[in-house]
Asker: 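What follows is a structure written as structure tokens; I'll ask about it next.
Here the structure is a predicted model, which means the values were calculated and not measured. Below, read A as the first sequence line, B as the second, and so on, with proteins coming before strands; counting in each chain starts at 1.
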Protein chains: 2
Amino acid sequence: MTLDERKRKILESIVRDYVETAEPVGSRAVVKKYALKISPATVRNEMADLEEMGYLEQPHTSAGRIPSEIGFRYFVDFIMEKQKLSDEETELLNKVISSNADELNEFIGRIGYFLSQITNYASFVIVPSIKFKEFKSMQLIPLGKDKALILLVTDTGMIIHRRIDVPSSLNDEDLEQVSAVFNRVLKNKKISEINRTSLQQLREGLKHKRLLVDLALEEIDNLLKNTGDEKLFLSGTLNILNEPEFKDLEKLRKILTLLEANEVLKGIIPDVTGDEVDITIGHENKLDDIKELSLVYAGYKSLGETGAIGLLGPIRMEYWKAAGTVETVRAAIEEVFRQNR
Amino acid sequence: MTLDERKRKILESIVRDYVETAEPVGSRAVVKKYALKISPATVRNEMADLEEMGYLEQPHTSAGRIPSEIGFRYFVDFIMEKQKLSDEETELLNKVISSNADELNEFIGRIGYFLSQITNYASFVIVPSIKFKEFKSMQLIPLGKDKALILLVTDTGMIIHRRIDVPSSLNDEDLEQVSAVFNRVLKNKKISEINRTSLQQLREGLKHKRLLVDLALEEIDNLLKNTGDEKLFLSGTLNILNEPEFKDLEKLRKILTLLEANEVLKGIIPDVTGDEVDITIGHENKLDDIKELSLVYAGYKSLGETGAIGLLGPIRMEYWKAAGTVETVRAAIEEVFRQNR
DNA sequence: GTTAGCACTCTCATTAGTTGAGTGCTAATA
DNA sequence: TATTAGCACTCAACTAATGAGAGTGCTAAC
């Protein structure tokens, strides 16, 4: 499946031209635009070969060629090089990175915005669920009559809270007392260490506040369960409005609807493995709904968990630019996460 | 500007037909579909009158009539009645209301989803910034080496937190001590009562932990400042893809882009005054960008502050349905907020 | 192996012709 | 006087025909 130098050059020209113009590329255009020292006729012969091999296709007899998905795949694997960010882009990225967005959501939001701004594709960032190891604090805070706030803090700084009803038979001091006992038993305790015995211990020590204890325990249980949901941030989805392949309203609706359903979207992103930028093109994707799209993405590590960032664009995508951007941003945010803890 | 019964009937027929079909309505269609006991010719005469009065317009000579914005306005003000929810819809609403979504965001999300589901228009919910009156608790929770969590709880159950760096010269006990002093001075204190004296008092009592105190005070200050941002929730924006008036890609892009910019959107919603459902049609709206859209909205009260819910659709909108839905949902969520505190 | 030349193919834009829905006006009718 | 039937007229939307242009594949010459 290896192509000689000239064929590679021609394939590359066609890919680049097609990505730029979204029109089939003719033999003359290839010669002219990329200053090859051969005639259109020769190019035509080569193109016929490339078509036979499956790298190109022809919308109709008298049109130029466009790269097939296989052609794009070959281009991505063996021809293109990832394009580095320009100086201005790098500067902008640094600004985004160093802006004191100490709220995680905001930071991620800016990263996503940057990705889609720079590339003009839709971007996504998956933030892994941050597993915590220890409880740091448990509070029951009275809020006026009959209400209280139950508040848990983990060693990762995550805060879980819920408003609960408090039987009016309990007063503020009772709440404080329960807080204290919980804290004593659970504080700095690893989750794995919280076993039946210690829970039993809690119940025993606070028999007469059974209801409250049960509520609190239920909440802790909840916390443990919900620890498994990673979050997906999307940005720049409207960029697909610029792509001529989606000028058709029905296609557009399909894609936008898909992008709106976050949960579905999580499913289409393949499991990230290493640090490398990965690319899936058109039908290589799992779900039918995105067989007209390509994905350029990479995993990153944060607190031992794996997240992902990536771009979502048409098959006719500037893979070199997309891959370069994803690679750089991936490294940058991993660095941030490393420093930050 | 009052119309006789027959003209009203004809205007209504044209509005309803046009809303349904998005096509200009001819005299024959009016007679046939709405079983009026007059001839098309008569209707034509009346239509000519209505056009002269500004209630109808004609896309071109040989087409039927469509309602002008003034026509819609007349229809909304003097002809239509708000349509009540069907039994199934009411049932669904009750389900949404009573589902134990004790997270505010989730509750609002469901309300928005309901609104746009039922009407097929984009919906918005504005949640007012909840002003709080008292501090309930202030905690400094150590999180491993050099880090701590500063955590404030207000009487409205709002939680403000930030991760801060702690000078390594301070140990866990120092943190606890600062917490305690803060709590003693601020607990259950109204904001208006926190004056310079009490702050001075804090600083004095903790002179040797100056840095920490300043950090904490800064955070409290922050909290007070940020109390002013209301939140906007949007839902069902893709419904506009169904409207034939936006089959044009450029228009579509404009609107979707607008809807993506939450901040701009807040600006287009007029100040809500009373409890009544209000409607602004096309050019009655402030911003140029939404002069091709209509707004159906109403305010609601929550903890003394005013929020809003509403729908955003084409000028050719089912105002009766939209207004009825908004009215019902408005009442429902106000009831929820009333009960919940 | 490469290239010039040429017949051929197919899309796209333009034009002309046709259809049909709907109007406005006039004259007849109740 | 209000209503209606009848009819000529208008205009958008569809259809078919035509021609231009881009690009190919093939053949024969270099």
Asker: Nearest whole angstrom, please: distance from the P of C:dG20 to the CD of B:E23.
Answerer: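 After rounding, the reported distance stands at 17 Å.
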
Asker: Specify the separation, in whole Å, of atom CD of B:E5 and atom P of D:dA2.
Answerer: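 Taking atom P of D:dA2 as the reference, CD of B:E5 is at 18 Å.
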
Asker: Send over the distance from A:I66 CD1 to D:dT24 P, rounded to a whole Å.
Answerer: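 That distance rounds to 13 Å.
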
Asker: Please determine whether a side-chain nitrogen or oxygen atom of B:R28 lies at a distance below 4.0 Å from atom OP1 or OP2 of D:dA5.
Answerer: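 So the side-chain polar atoms of B:R28 never come under 4.0 Å of the phosphate oxygens OP1 or OP2 of D:dA5.
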
Asker: Against B:F72, only a single residue in B:I281, B:I279, B:D77 fulfils side-chain contact (heavy atoms from CB on, under 4.5 Å); can you say which?
Answerer: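 Of the listed residues B:I281, B:I279, B:D77, the side-chain contact (heavy atoms from CB on, under 4.5 Å) partner of B:F72 is B:I281.
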
Asker: What integer distance in Å separates A:E57:CD from D:dT24:C1'?
Answerer: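 After rounding, the gap between these two atoms is 17 Å.
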
Asker: What is the separation between atom CD on B:E52 and atom P on C:dT23, rounded to the nearest whole Å?
Answerer: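 Distance, rounded to whole Å: 16 Å.
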
Asker: Check for a donor-acceptor pair, side chain of A:N285 on one end and backbone N or O of A:L293 on the other, with a separation under 3.5 Å.
Answerer: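 Here the side-chain-to-backbone pair exists.
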
Asker: Could you encode protein contacts along nucleotides 1-13 of chain C as a string, one character per nucleotide from 5' to 3', using B for base contact, S for sugar-phosphate-only contact and - for no contact, with a heavy-atom cut-off of under 4.0 Å?
Answerer: -SBBB---BBS--

Asker: According to side chain to side chain donor-acceptor pair (under 3.5 Å), who are the partners of A:R16, at least two apart in sequence or on a separate chain?
Answerer: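 For A:R16 the side chain to side chain donor-acceptor pair (under 3.5 Å) partners, ignoring immediate neighbours, are A:E12.
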
Asker: Would a distance-only check, ignoring hydrogens and angles, find a side-chain to backbone donor-acceptor pair under 3.5 Å from B:K291 to B:K286?
Answerer: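 Present.
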
Asker: Grab the NZ-C1' distance between B:K32 and C:dA21 for me, whole Å please.
Answerer: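 To the nearest whole Å, that distance equals 12 Å.
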
Asker: With rounding to the nearest 0.5 angstrom, report the CE to OG distance, A:M47 to A:S27.
Answerer: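 Reported to 0.5 Å precision, the distance equals 5.5 Å.
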
Asker: Do you know which two heavy atoms are closest between B:V326 and B:Y297, and how far apart they sit?
Answerer: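 The answer is CG1-C, 4.0 Å.
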
Asker: D:dC26 P sits how many Å from A:M47 CE, rounded?
Answerer: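 My rounded result for the distance is 14 Å.
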
Asker: Whole Å only: how far is the OH atom of B:Y18 from the C1' atom of C:dG22?
Answerer: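 The distance from OH of B:Y18 to C1' of C:dG22 comes to 17 Å, rounded to the nearest Å.
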
